[in-house]
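Structure first, commentary second.
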Amino acid sequence: MTDQPTLRDGELVLRPWELDDSTATRTLHDPEIARWFDFPHTPPPEDEHLAWIEGTHAEWAERRKATFVVDWRGEPAGTVDVRVQEPGVGVLSWAVYAPFRGHGIAWRAVRLLVEWAFEALELERVEAHVNPDNRASVRTALRAGLRREGRLRGNAVLAGVRQDTLVLGRRRDDPHPDTREGFTSMLDSTLPTKRAIAQGVLRSTTGGLLLCELVYKREWDLPGGVVDQHESPAACVVREVREELDLEVRAGELLAVNWLPPLQGWADATVFVFDLGTVEPDAAARAHLQAREIRAVHWTGPDDWATRVAPYNARLLRRLHQHRGGTLYLEDGTPTG
Ligand SMILES: CC(C)(COP(=O)(O)OP(=O)(O)OC[C@H]1O[C@@H](n2cnc3c(N)ncnc32)[C@H](O)[C@@H]1OP(=O)(O)O)[C@@H](O)C(=O)NCCC(=O)NCCS
């Protein structure tokens, strides 16, 4: 007789496995379960299944792992478990048998398990390792209140093929998934993020456009840089010009938004190009250049752009040269539509 508790949430009950459960559940193992757990055959042979049930009792006795039958309206519908991987950290796993799928049983069972495990097993964190193609399980983890934390490249082998793994996790002190902040944080962890770059067009009273000769690449470029987290593009360009050139500028009109497709290992990025105004030509000579990034600055005109800047920037600068007000929308330096 095990002292493992029974957990309840309305019609959903998590209870310890019993040897008698094998008859009703063994043949419910389907190819979907075999696929994601990399089981060699489905259903498992009877002796193996019984030994597995006995194993769950031994693991609980040593508090290494808690495995529960998921009962739905009195019928065994699946299994969930949490394995104590190291003190304070539990690793979750789950399966719902085919006839019971699609009714919200999995995520409710996982959430019930997690909230019990935080208290009863004194866990500080739970996590799940899910194949990115296992969309039902990724959704199960998220709806259970775990956040997507990262992707481990090629750390697992499934059906003989090396695969990536998504890590999803929940901390004991995270806002509860039923609160607005908890829900938003979960959703936020799954949404795509894009790189933003802010650059500026600084002109001289004699008509030149300022370009930076950089230490780390051949092509000259507009001053500016990558927008930090929680920083606005306008604040970024002002900061970058201060850091790179030691010049104080104001971000004026937004001249162009230029989306750059992925290139040579770089992810795609959106460039915001601001008007930084017009200064006397000697402003360039007064600039103090950040030596580890900027070798020199140059006042340039259309003749320089063909040879000195990257092709997408040459397209952008030519457009800006003809530009008479408003904000251009470009993709790779070219107008759309
Ligand atoms: C993953 C599994 C447990 C889901 O069981 P379930 O009870 O059907 O899941 P739920 O009804 O709670 O649904 C959870 C979410 O997954 C979504 N979902 C279910 N099946 C899906 C599918 N085939 N593709 C995409 N999403 C799916 C549901 O829509 C729901 O998301 P939503 O609430 O945003 O709509 C079940 O498919 C299973 O046992 N799979 C095989 C075992 C497995 O993969 N275990 C995990 C190994 S890490």
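Ligands are counted one by one from 1 in listed order, and the atoms in each one are counted from 1 as well. Residues take their numbers from the sequence shown, with the count starting at 1.
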Closest protein heavy atom to [atom], given as residue, atom name and distance to 0.1 Å:
atom                    : result
atom 44 (O) of ligand 1 : Asn134 ND2, 2.8 Å
atom 38 (C) of ligand 1 : Arg101 NE, 3.5 Å
atom 46 (C) of ligand 1 : Ser137 OG, 3.0 Å
atom 21 (C) of ligand 1 : Ala136 CB, 3.3 Å
atom 32 (P) of ligand 1 : Arg143 CD, 3.7 Å
atom 40 (N) of ligand 1 : Glu32 CG, 4.0 Å
atom 34 (O) of ligand 1 : Arg139 NH2, 2.5 Å
atom 5 (O) of ligand 1  : Ala106 CB, 3.3 Å

### Query
Is the distance between the ring centroids of His321 and Trp305 less than 6.0 Å?
yes
### Non-hydrogen protein atom less than 4.0 angstrom from atom 28 (C) of ligand 1
no
Are more than 12 heavy atoms, taken from residues, nucleotides or ligands other than [X], located less than 6.0 Å from that residue's [atom1] atom?
X      : atom1 : result
Glu48  : CD    : yes
Arg162 : CZ    : yes
Glu231 : CD    : yes

Between [X] (side chain) and [Y] (backbone), is there a donor-acceptor pair under 3.5 Å?
X      : Y      : result
His49  : Thr23  : no
Arg172 : Leu123 : yes
Asp164 : Gly154 : yes
Asn258 : Asp332 : yes
Glu253 : Gly326 : yes

Specify side chain, backbone, both or neither for [X], according to which of its non-hydrogen atoms lie closer than 4.0 Å to ligand 1.
X      : value
Trp36  : side chain
Asn131 : neither
Tyr97  : neither

For ligand 1, find out whether one of its N or O atoms is nearer than 3.5 Å to an N or O atom of [X].
X      : answer
Phe37  : no
Gly102 : yes
His129 : no

### Message
For the residue pair Trp60 / Thr67, report whether a side-chain donor-acceptor contact shorter than 3.5 Å exists.
### Response
no
### Message
What I'd like to find out is whether the side chain of Glu243 reaches to under 4.5 Å of the side chain of Glu293, using heavy atoms alone.
### Response
no
What atoms in ligand 1 come closer than 4.0 Å to a heavy atom of [X]?
X      : value
Ala95  : 39 (O)
Arg135 : 25 (C)
His103 : 11 (O)

### Task
May I ask you to say whether Arg101 pairs ionically with Glu32, meaning some side-chain N is under 4.0 Å from a carboxylate O?
no
### Query
Are any of the heavy atoms in Gly104 under 4.0 Å away from ligand 1?
yes
